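A quick note: this is a predicted structure, and the numbers were derived from the prediction, not measured.
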Amino acid sequence: MKMSFRWYGQGNDPITLNEICQIPGVEEIVWALHDKQAGELWTEAEIAEVVHYIESQGLKATIVESVNVQEGIKLGLPTRDAYIETYKESIKNLGKNGVKVICYNFMPIFDWTRTEMFHPLPDGSTALFFDKEKITSINPKELVEMVEKESRGLTLPGWEPERLAKIKELFVAYEGFTDDKLRENFHYFIDAIMPTCEEYDIKMAIHPDDPPFSIFGLPRLANSQENIRKLLSLNTSVYNGLTFCTGSLGADLNNNLVDMLDEFKERVHFMHIRNVKVYDNGDFSEVSHRTQDGTVDITEIMRTLARMNFEGYVRPDHGRHVFGENETNVRPGYGLYDRAMGAMYLTGCWDMAKGL
C-alpha cells in the first residue's frame with residue numbers, strides 16, 4: 001500500500017508539508033486545486049506548479065481529491081457535454097503531470113454532511129458528528145449557515161460558497177429526481193471520460209455517499225454493496241473504480257465492509273480509512289482510528305487489504321481535534337495529530353498482518 005495524507009495547499013492549510021514529512025511511512029500527498037469551482041479547467045501550468053512544490057519537499061503528488069463534477073452533469077442538463085469536455089481536458093493535464101488516480105463523487109449538492117463540526121467526546125477531544133433527528137428538523141439553508149459558521153473561513157470540500165449560494169435553485173432542480181435518473185447521468189459521464197482516462201493512465205475512484213442514506217430527499221448512488229456493484233458494472237473498465245471509505249460506508253450497519261472489499265478489490269484504487277461510532281438511533285460520531293473506539297473493525301479492514309496485497313493508496317481519513325486543536329486553528333476533521341496517529345495505527349496493523 002501507499003500511505004498518503006490530505007493537504008489543502010499553500011496558504012490554505014495550517015499544516016505544512018514539512019510537518020507531514022515527519023509522519024513515518026507517508027510518501028504521497030492527496031491534493032487539489034482548491035480555488036477551482038466545479039466545471040472549471042485545471043490548466044497544465046497550475047497543476048505543474050503544485051506538483052513541483054510537493055515533489056520539492058520529498059513527497060509524491062500522484063493522487064488528486066477532487067476534480068469536482070459540475071452539477072449540470074449530474075442533472076443531465078444540455079450544458080453537460082461542454083462540462084464533460086472540460087473535465088476530459090483536466091484529466092489530460094493531470095496525466096501529463098504524473099497523476100494516477102482522481103477521487104471524486106457524484107453526490108447531489110452536498111459532498112458530505114455533518115450536523116456538528118466540533119462535537120465533544122468523552123476523552124476531551126472533539127470530532128465531526130451526525131445527528132439523524134436534527135437533519136430532519138432543519139432546512140438546507142440552516143445547515144449551510146451552520147457549516148459556514150463552524151468552518152470559520154477555512155474552505156471545506158463540497159461546501160464552496162459559490163455552489164451553496166445557489167442552494168435554493170439546486171433543490172428545485174433536483175425535485176422528483178430519482179436514484180435511477182442520477183445513475184443514468186453517471187453512466188453518460190463515465191462512458192464519456194473512460195477513453196481519456198485509459199489513454200492518460202488515470203483511474204477514476206468514486207467516493208461513496210456520505211452519509212450513506214438519503215438526506216433532504218436527495219438521491220443516493222454509492223451507498224451499499226448492491227448500488228456500488230451497479231455503478232461499476234455500467235462501465236467495466238478497471239479505470240472506472242472506487243474510493244473505499246470505511247467511515248462513509250460504515251455509518252450504515254447493514255454494510256459488510258469486508259465482503260464489499262472482497263467483491264470490489266480489483267476496482268478499489270484508493271482507501272479512506274476512519275472509524276465511526278454508530279448509535280442505536282442512527283446518530284454517528286467520528287472517533288479515533290482504533291478498532292475498539294468505534295463500530296468499524298479497522299484491524300480486519302487492514303488484514304483484508306494485506307491479504308489482497310493491496311497496492312493502491314491509503315489515507316487516514318478525518319481525525320479528531322486533539323492537543324489544543326479547536327475551531328480557532330484547525331479545519332474541521334483535518335487536524336494534524338490524530339490523522340498522524342491514524343497513519344501509524346494503520347501502518348502498524350498492516351505490518352502485523354504482513355508479518356513484517
Side-chain angles (χ1 to χ4, degrees), residues 32-42 65-87 90 102-117 128 130-132 134-151 153-190 192-193 204 206-223 227 231 243 245 248 251 332-333:
L33 298 180
H34 290 285
D35 59 336
K36 292 288 187 181
Q37 300 305 307
E40 286 190 291
L41 176 67
W42 289 32
E65 181 182 345
S66 304
V67 183
N68 289 323
V69 178
Q70 209 276 340
E71 218 68 34
I73 297 174
K74 301 173 192 176
L75 286 162
L77 301 180
T79 55
R80 68 178 172 181
D81 287 331
Y83 282 121
I84 288 172
E85 288 304 311
T86 300
Y87 204 100
S90 295
I102 295 173
C103 172
Y104 72 108
N105 74 76
F106 217 78
M107 285 179 263
I109 305 179
F110 305 117
D111 280 19
W112 54 275
T113 305
R114 299 291 184 274
T115 58
E116 194 172 347
M117 300 295 159
L128 299 170
F130 183 87
D131 185 324
K132 197 166 186 178
K134 185 175 183 178
I135 206 73
T136 64
S137 63
I138 63 174
N139 62 51
K141 186 174 183 295
E142 291 173 314
L143 178 65
V144 169
E145 290 172 349
M146 181 276 295
V147 171
E148 288 178 337
K149 179 181 178 181
E150 295 201 17
S151 61
L154 287 170
T155 57
L156 291 172
W159 293 86
E160 296 82 9
E162 293 82 1
R163 182 200 310 203
L164 297 178
K166 302 177 180 178
I167 193 87
K168 289 183 179 179
E169 299 170 34
L170 287 171
F171 269 93
V172 169
Y174 277 105
E175 282 182 2
F177 222 75
T178 64
D179 293 358
D180 286 342
K181 181 61 177 175
L182 188 62
R183 188 179 298 110
E184 178 184 319
N185 293 340
F186 169 82
H187 193 182
Y188 187 95
F189 168 72
I190 206 69
I193 67 171
M204 300 296 294
I206 190 169
H207 190 286
D209 302 315
D210 187 6
F213 41 80
S214 179
I215 57 169
F216 302 123
L218 295 170
R220 287 296 192 233
L221 285 191
N223 59 340
N227 282 340
L231 288 188
T243 294
C245 180
S248 298

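Counting heavy atoms from C-beta on, the side chains of Asn185 and Arg80 come closer than 4.5 Å. In this structure, Asn105 and Trp112 have side chains that are not in contact, with every pair of non-hydrogen atoms separated by 4.5 Å or more. Between Cys245 and Asp210 the shortest side-chain heavy-atom distance does not fall below 4.5 Å. Side-chain atoms of Tyr104 and Asn68, non-hydrogen and from C-beta on, never get closer than 4.5 Å to each other. Between Ser90 and Leu41 the shortest side-chain heavy-atom distance falls below 4.5 Å. Contact check for Arg183 versus Asn227: side-chain heavy atoms found under the 4.5 Å cut-off. No side-chain heavy atom of Ile73 sits under 4.5 Å from any side-chain heavy atom of Tyr188. Side-chain contact between Ser248 and His207: present, with at least one pair of heavy atoms (C-beta onward) separated by less than 4.5 Å.
One distance of note links CE of Met204 with OG1 of Thr243; it measures 9.5 Å at 0.5 Å rounding. The distance from the OH atom of Tyr83 to the CD atom of Glu71 is 10.5 Å, given to the nearest 0.5 Å. Taking NZ from Lys74 and NZ from Lys181, the interatomic distance works out to 15.5 Å, rounded to the nearest 0.5 Å. One finds the CD1 atom of Ile206 at 5.5 Å from the CG atom of Leu231 (value rounded to the nearest 0.5 Å). The OG1 atom of Thr113 sits 3.0 Å away from the CD1 atom of Ile215 when rounded to the nearest 0.5 Å. To the nearest 0.5 Å, atoms CG (Leu33) and CH2 (Trp42) are separated by 4.5 Å.
Note: Phe216 and Tyr174 fail the aromatic proximity criterion, with ring centroids not under 6.0 Å apart. Ring pair Phe213/Phe130: centre-to-centre distance below 6.0 Å.
In this structure, the side chain of Thr115 engages the main chain of Asp131 through a donor-acceptor pair within 3.5 Å. Although no hydrogens or angles enter the test, the distance criterion places a donor-acceptor pair under 3.5 Å between the side chain of Tyr87 and the main chain of Val67. Of the possible donor and acceptor atoms, one in the side chain of Arg220 sits under 3.5 Å from a partner among the backbone N and O of Pro211. Without hydrogens or angle criteria, Ser66 side chain to Cys103 main chain gives a donor-acceptor distance under 3.5 Å. At distances below 3.5 Å, at least one donor-acceptor pair connects side-chain atoms of Asp209 with backbone N or O atoms of Leu221.
Between Gly333 and Leu128, the closest heavy-atom pair is CA-CD1, 4.0 Å. Nearest heavy atom pair, residue Thr79 against residue Gly72, reads OG1-CA, 4.3 Å.
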